[in-house]
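Working notes, structure below.
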Amino acid sequence: MYKDLNTQTKEDLKEYFKNQDYMVVAVPKEDLIRVYALRATNTVETARRIHSLEGEDLKLMAYSILSALLLTSLVK
């Protein structure tokens with residue numbers, strides 16, 4: 001889905017993704033660049049509960065989960 005990012009689109013996206021994990025890929029019309037935005041709060045929280053991690057261990061696990069999600073998003 002491609003949309004111009006105006007005020008209404010921002011509000012629609014904010015409401016839709018309020019409490020969900022998501023990834024947004026932004027591709028400008030004229031530039032050769034992609035921007036990835038990832039929110040995986042629920043995924044990391046679930047993994048934290050399952051593995052009972054805290055502190056530095058939790059931080060490393062969260063980075064690993066986010067990295068895996070970003071890498072797998074590039075697989076077609």
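In terms of heavy atoms, Q20 sits closest to R39 at O-NH1, 2.9 Å. Shown here for L53 and M61, the closest heavy-atom pair between the two residues is CD1-SD, 3.6 Å.
One distance of note links CG of L69 with OG1 of T43; it measures 6.0 Å at 0.5 Å rounding. The line from CD of E45 to CD1 of I50 is 10.5 Å long, rounded to the nearest 0.5 Å. Separating the OH atom in Y22 from the CG atom in N42 is a distance of 11.0 Å, to the nearest 0.5 Å. Expressed to the nearest 0.5 Å, how far CD1 of I65 lies from CG of D21 amounts to 10.0 Å. Taking CD of E11 as the start and CG of N6 as the end, the distance is 10.5 Å to the nearest 0.5 Å.
No donor-acceptor distance shorter than 3.5 angstrom exists from the side chain of R48 to the backbone of E54, with no hydrogens or angles considered.
Within 6.0 Å of the CG atom in L71, the count of heavy atoms belonging to other residues, nucleotides or ligands exceeds 12.
In this structure, Y63 is not a member of the same hydrophobic cluster as L58, with clusters built from ILVMFWY side-chain heavy atoms closer than 4.5 Å.
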Under the side-chain contact (heavy atoms from CB on, under 4.5 Å) criterion, do Y36 and L74 qualify, and how do the steps go? CA-CA 11 Å; Y36 292 84; L74 301 172; 3.1 Å; yes
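In this structure, the side chains of M23 and L70 come closer than 4.5 Å at one or more pairs of heavy atoms.
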